[in-house]
Amino acid sequence: MSGIPEPAEFRAEARDWLTGVAKERTAHRHWGRGDDSVAVFENWTEPEERAHTDLTRQWERTRYDQGWGALGWPSEYGGRELPSYYEQLYRAEEAAFEVPRRTEVFPVTQQLVAPAIRIWGTDEQKRRWLPPMLRTDELACQLFSETEAGSDLAGVRTRAVREGDGWVVRGHKVWTSGARVATWGVAVCRTAPDAPRHAGITVLLVRMDAPGVTVRPIRQMTGGASFNEVYLDDVFVPDTDRLGPVGEGWRVTLTVLAAERLDSGGLGLDNAERALDLARHLPRPLTDGEQQQAAGLYVRGLVQRLTGLRVTAALAAGREPGAEASVGKLCATATMRATTDLVQQLLGPRLAADTGEWGTFAWTEHLLGAPGYRIAGGSDEIQRNILAERVLGLPKEPKGERS
Amino acid sequence: MMRLDVDPALLLETEEQRQLRAVLRDVLTAACGPERVREQAASPRGFDRVLWDRLGGEIGVHGLAVPEEYGGAGYTFAELAVALEETGRVLCPAPLLPTVVLAGEALLASGDRRACERWLPGIASGARTATVAGVLHPARVAAERGPGGWLLRGEADFVPDGAGAELLLVAARAPDGTRLFACVPDAATCRRTARRVLDPTRRQAHLRFTGAAAEPVGEPGQVPATAAAVLDAGRAALAAEHVGGSAHALDATLDHVSHRTQFGRAIGSFQAIKHRLADLLVAIEGARSAASYASACLALRRSELPVAASAAAVACTHAYRLATTEYVQLHGGIGFTWEHPAHLYVRRARGDEALFGTGDDQALRLAGLLGLAGRGG
Ligand SMILES: Cc1cc2nc3c(=O)[nH]c(=O)nc-3n(C[C@H](O)[C@H](O)[C@H](O)COP(=O)(O)OP(=O)(O)OC[C@H]3O[C@@H](n4cnc5c(N)ncnc54)[C@H](O)[C@@H]3O)c2cc1C
């Protein structure tokens, strides 16, 4: 494949390819039959998580090997060097097909960590890490948050001390999604405890099977455990696995966080659509109020999609997207909440007691999972701070001592 | 919603549209600032004819979406939407919406070539103002065939620019069903009473027809389809205006909270204020997305138009309500004064909802279009 196909041509090609390797959703998804899971975070045991990860990995490998994976990447990393928005064009097509649902560890690896490696990695690191990460042979998790450093991430205390040709890392990370299946952890570490907060940070990639790494699942409000705490007890990390310069880790971290913000605009759309299907199929007429609520959710989903397309369009035209690029995550979490509210209204008692009916009690997984995304990846409040300060240009709030 | 089949490029402003916006922004800033808006709205005709002629003639706004065969420039509604966003931004009181969008679309949707040839060139050049009656709100007007032609009798209320418009397109009951009629009103047979209005920049009138001469437009039985087309065009147009008005409210408020100091800090550094403005930004960007989509659907005459226009109406009325509420509140006492322009925007936002439907009205209609009604209903 050479040259850049026209978007329409590309989408048609993608559809053709997908038709050959996956089942179309509309043909498959009959109301009242099949999988009725609407989980936001899966309630899997470790063996289940591994099995599902392998399934998704298989799909990602098929994509990568057949030239539909690393679309925006240079050919040396197995890509097609298409403009970045072709990934979105592809995803718009893929959404109509039945493909494995990607748990967080996949976008974290492919959309957050790999691009950061492309920006900050040495040539050797890019050669070593990028192809296997894009093909998902290697999966990466974010070892960012700690009990004392959440929204205020620059307060991390995990220490990395120089020793020989590497670093010895000691600390405790929490809320790490996908740590059980990840092979690499991107750890935000403090290397100069006496330097100003943001200056003393370095990012290291830690092998998750290295001696001294212990992963313990944390049970979350859904009842399952998709995130974990990770103990780093004198873990040795060779200096060749340091990402970016010593003391520049804060900038590396910001690269990852910015990508996370931009990557979240599509969250919640599938379930919103399911909730609208529920409104269509409910075995009683909806009240006017319920119809308005359902239409309101439709508008949210539509607007969220369109806003994402505006970003794509700006990039396609070689322009820098404007404010539309930063509102995606707040749109997404609001859509998820509105989905819960509609379903609550429509299902009545069937949401709270399991009658065994298809597509009813299953919504508890959405209800209990949705709040997670208002906290993860920069909470709603932090998103608003970012919009107010970086997009609207409002003054920063005065900071407390020690920050 | 599953596969949104829209070319993303349609949601992006073209270079031509960008230039049009820049020209209009300059012209309107100079000729339609807050003081001038009040003067124009209070003048006998309610708007500035010089500015109107300039918009219609020199800049060619009126003819943007009119086909060339009827004297227009043959662009699309997407270009007109840019103009409406800019006029909405400053609350320009000229009757662009009733003339170009409502009456213009009524003529085009009627498919009556003779009527289009007769009336559209005047609309496209700015020579004639026009409006519709009996379309936005039900009217009681009957049409009967007299010896010299058709005559209208009855009443229509809440007619935008009804007292001043030089051409009325009236949905009236004829013996062969409801039909659309074109009427050039004269004082003897059409009594036009301007209503006292919430929004002085968008006048409304009560019309009483007492044997007004009129000509039929289109065929009998066509009115429901024509009215639906007019309403969808109206929704898309209003959405563009609302995006403009909301964006003004946000800009003006940002400017204020960045400069106003209390407790030794700019009030814009208080998080309670920052977060509300961030939420407003989210609402406005969403409104902008929905409005562009509706414009694109209308420009391309796509079958998704009814859904897109209703969705835009929901998103944009919501954003405009929020924007105007915050506009007043975050200005404090100044925002509550007569002198400050904020209330003009509150009046426009709420007045438009009364005229064209609230967000809840629009949502209910949208639910119907999407079949979001459950079963057995
Ligand atoms: C489902 C899930 C998955 C996660 N996955 C990962 C992961 O893979 N890797 C990882 O490193 N971390 C992960 N996290 C952690 C997540 O990044 C943090 O929870 C988040 O940054 C918030 O930090 P915190 O929990 O310490 O809460 P805090 O920072 O203590 O925040 C508590 C509350 O205060 C508010 N708040 C804090 N600061 C401000 C401020 N300046 N202005 C206004 N309000 C403020 C917050 O919005 C929040 O509502 C995950 C979290 C969840 C819920």
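Letters go in sequence order (proteins before strands), and every chain restarts at 1.
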Using modelled atom types only, decide if a donor and an acceptor are shared between the side chain of R374(A) and the backbone of R337(A) within a distance under 3.5 Å.
no
Test of ring centre spacing under 6.0 Å for H248(B) and Y327(B)
yes
Would you check if L394(A) and F270(B) make a side-chain contact, meaning some heavy-atom pair closer than 4.5 Å?
no
Can you see whether D380(A) engages T333(A) through a side-chain donor-acceptor pair at a distance of less than 3.5 angstrom?
yes
Per-residue tally against chain B (heavy atom, under 4.5 Å) across I386(A), V311(A), T307(A), L330(A) peaks at T307(A)
Does the side chain of D16(A) come under 3.5 Å of the side chain of T19(A) through a donor N or O and an acceptor N or O?
no
Of the listed residues (A323(A), A313(A), A388(A)), which shares the most heavy-atom pairs with chain B below a 4.5 Å separation?
A313(A)
Under a 4.5 Å heavy-atom cut-off, does chain B meet the side chain of L89(A), its backbone, both or neither?
side chain
Judged by modelled atom types alone, do Q111(A) and R102(A) share a side-chain donor-acceptor pair under 3.5 Å?
yes
Just so I understand: if I count every heavy-atom pair under 4.5 Å between each of V314(B), L281(B), I284(B) and chain A, which residue has the most?
L281(B)
May I ask you to decide whether E324(A) forms a salt bridge with R319(A), counting only side-chain N to carboxylate O separations under 4.0 Å?
no
Output yes when R280(A) and D277(A) qualify as a salt bridge under the 4.0 Å nitrogen-oxygen rule, no when they do not.
yes
Can you name the residues that form a salt bridge (Lys or Arg N to Asp or Glu O under 4.0 Å) with K329(A), not counting sequence neighbours?
none
In terms of heavy-atom pairs under 4.5 Å with chain B, the winner among L306(A), N385(A), L387(A), L282(A) is L306(A)
E381(A), part contacting chain B, at a heavy-atom distance under 4.5 Å:
both
Which answer fits R300(A), side chain, backbone, both or neither, if we ask what part of it has an atom under 4.5 Å from a heavy atom of chain B?
neither
Going through the checks in order, is the side chain to side chain donor-acceptor pair (under 3.5 Å) test met by H366(A) and T340(A)?
CA-CA 7 Å; H366(A) 174 90; T340(A) 299; 3.2 Å; yes
Under the side-chain hydrogen bond (donor to acceptor under 3.5 Å, both in side chains) definition, can you give me all pairs with a residue in residues 78-90 of chain B, not counting sequence neighbours?
Q17(B)-E79(B), R21(B)-E85(B), R21(B)-E86(B), R25(B)-E86(B), T76(B)-E79(B), E85(B)-R288(B), R89(B)-D251(B)
With a 4.5 angstrom heavy-atom cut-off, which part of V391(A) approaches chain B: side chain, backbone, both or neither?
side chain
If you tally heavy-atom pairs under 4.5 Å between each of R18(B), Q362(B), R365(B) and chain A, the highest tally belongs to R18(B)
Classify the ring geometry of H281(A) against W31(A): parallel below 30°, tilted from 30° to 60°, perpendicular beyond 60°.
parallel
Which residues from residues 253-269 of chain B are near chain A, with near meaning under 4.5 Å between non-hydrogen atoms?
L254(B), V257(B), S258(B), R265(B), A266(B), G268(B), S269(B)
State whether R305(A) and E273(A) are salt-bridged, where the test is any N-O pair (Lys NZ or Arg NE/NH1/NH2 against Asp/Glu carboxylate O) under 4.0 Å.
yes
Going by atom types alone, do E16(B) and T14(B) pair a side-chain donor with an acceptor below 3.5 Å?
no
Does any backbone or side-chain atom of L250(B) lie under 4.5 Å from a heavy atom of chain A? Answer side chain, backbone, both or neither.
side chain
Answer with yes or no after comparing the ring centroid distance for F97(A) and W68(A) against a 6.0 Å cut-off, counting only values under it.
no
Contacting moiety of P7(A), where chain B heavy atoms sit under 4.5 Å
neither
Give the interface residues of residues 292-313 of chain B toward chain A, defined by a heavy-atom separation under 4.5 Å.
Y293(B), V307(B), A311(B)
